[in-house]
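Shown next, in structure tokens, is the structure this report addresses.
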Amino acid sequence: MANYVVGDIQGCYDPLQRLLEKIAFDPASDRLWTPGDLVNRGGQSLETLRLLKSLGKRFRMTLGNHDLYLLREDWRFPDGGSANHEMDVILHAHDREPLMKWLRRQPLARRSKKRKMLMVHAGVVPQWTAKQTVALAGEVESVLRSDKAGKFFSKMSKNWVRRWDDERTGWKRLRLISNILTQLRFCDQNGKMLGSASGPPGSQPPSYIPWFEHANRNTRDVTIMFGHWAALGLYQAENLVCLDSGCVWGGRLTAIRLEDRQVFQVPGIFHRGRAAWSAR
């Protein structure tokens, strides 16, 4: 049995199929992991969801920001009608309900004590430990699986606060937990996020650095698998692996085998009229 972690798929179904063929993925014995963003922009999000859901217990993921946006569109448009065509295709699918129910039950953070691994979509602020990260993610997960999910979705676009505080409560707390886990790239030493910055390290203003470079980060004792940062690309350091190599922007779709850290890649897709990330 082998374990593979694949980066942001974002509806790139054909590259995903090629990658699974390249690693000779066996759904009867192997396991596939991903830090999220299954959908949006690649053109085949519905097919991607169906494939990954069909893997059952052989598939493990964390929710990304695009996955949360899909769940919000599912809440906003019970009869379809999303302005996002790719998401609207899902909302008109005959199997919409089981797909959305399955997606809504996925976690925002996964921890494997056996592998000393933590998987999140984007990042973790310096103050959080691995154990705390999973616990805080659980606060949001409980709401997503409850009758309060709509209230959470209605507040997803509100950015009230950007600095973590253990004493923060209510919807501001839940929204910030979600933002950190699914959108973080840069923060300061106090855990204050840098808005919507998406460029590579070095493009940020003073006092902010990549979240994983903080010397006081309390998750240095585990290997963190994450995505979300196409401008960073495939990045490996001690106890750190970023797997978003820009598949949807013309880069590559990347997988890493956990047992020996071997990297596998296939070409991504290119959208005419868009600047593509260079393949890494």
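The residues of the chain are indexed from 1 along the displayed sequence.
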- Can you say whether the rings of F152 and W171 are parallel (under 30°), tilted (30 to 60°) or perpendicular (over 60°)? tilted
- Check the surroundings of atom CD in Q127: do more than 12 heavy atoms from other residues, nucleotides or ligands lie under 6.0 Å from it? yes
- Query: Taking W249 for the side chain and G268 for the main chain, is one N or O donor matched with an acceptor at less than 3.5 Å?
  - Reply: no
- Query: Can you list every pair that meets side-chain hydrogen bond (donor to acceptor under 3.5 Å, both in side chains) and has a residue in residues 22-36, with sequence neighbours left out?
  - Reply: N3-W33, D26-S29
- Hey, are D8 and H228 close enough side-chain-wise for a donor-acceptor pair under 3.5 Å? no
- Applying side-chain contact (heavy atoms from CB on, under 4.5 Å), run through T254 and V6 and close with a yes or a no. CA-CA 6 Å; T254 299; V6 60; over 6 Å; no
- Query: Is the shortest distance from a Lys or Arg side-chain nitrogen in E139 or R173 to a carboxylate oxygen in the other one below 4.0 Å?
  - Reply: yes
- Item | Under 3.5 Å: donor-acceptor pair, side chain of D244, backbone of G227 | no
- Any donor and acceptor pair, going by atom type alone, linking the side chain of Q204 with main-chain N or O of G202 inside 3.5 Å? yes
- Task: Run the numbers on L49 and L38 for side-chain contact (heavy atoms from CB on, under 4.5 Å), then give the verdict.
- Result: CA-CA 7 Å; L49 285 175; L38 308 187; 3.8 Å; yes
- Query: When you look at D37 and D67, which way does the side-chain contact (heavy atoms from CB on, under 4.5 Å) test go after all the steps?
  - Reply: CA-CA 5 Å; D37 273 5; D67 305 318; 4.3 Å; yes
- Task: May I ask you to decide if the ring planes of F264 and Y4 are parallel, tilted or perpendicular, using 30° and 60° as cut-offs?
- Result: perpendicular
- Message: Could you walk me through whether L46 and L99 satisfy the side-chain contact (heavy atoms from CB on, under 4.5 Å) test, starting with their C-alpha distance in whole Å, then the side-chain angles of each, then the deciding distance to 0.1 Å, before giving a yes or no?
- Response: CA-CA 9 Å; L46 176 59; L99 285 172; 3.6 Å; yes
- Message: Using modelled atom types and a 3.5 Å cut-off, is there a donor and acceptor pairing between side-chain atoms of T133 and backbone atoms of T129?
- Response: yes
- Closest non-hydrogen contact found for M87 with H66 is CE-O, 3.6 Å
- Between R217 and T219, do the side chains contain an N or O donor and an N or O acceptor separated by less than 3.5 Å? yes
- Sequence neighbours excluded, every pair satisfying side-chain hydrogen bond (donor to acceptor under 3.5 Å, both in side chains) that has a member inside residues 68-92: N40-N84, S45-E86, E73-R76, E73-S82, D74-R96, D88-H92
- Count the heavy atoms belonging to other residues, nucleotides or ligands that lie under 6.0 Å from NZ of K155, then report whether that count exceeds 12. yes
- Query: If Ile, Leu, Val, Met, Phe, Trp and Tyr residues are connected whenever their side-chain heavy atoms lie under 4.5 Å apart, and connections chain through other members, are L232 and I209 in the same group?
  - Reply: no
- Item | Salt-bridge contact R115-E259 (side-chain N to carboxylate O under 4.0 Å) | yes
- Query: Within the distance-only criterion (no hydrogens, no angle test), does the side chain of N179 pair as donor or acceptor with the backbone N or O of Q183 below 3.5 angstrom?
  - Reply: no
- Query: If you measure from the Lys or Arg side-chain nitrogens to the Asp or Glu carboxylate oxygens, is any gap between K116 and D221 under 4.0 Å?
  - Reply: no
- Query: Do the non-hydrogen side-chain atoms of M117 and M225 ever get within less than 4.5 Å of each other?
  - Reply: yes
- Query: Hey, is CZ on R18 packed in by over 12 heavy atoms from elsewhere, all under 6.0 Å?
  - Reply: yes
- Might you point out which heavy atoms bring Q10 and R41 nearest each other, and give the distance in Å? NE2-CD, 3.7 Å
- D95 side chain to P98 backbone, donor-acceptor under 3.5 Å: no
- Item | Donor-acceptor pair between T223 and N239 side chains, under 3.5 angstrom | yes
- Test item: P267 and P15 side chains (from C-beta on) under 4.5 Å apart, heavy atoms: no
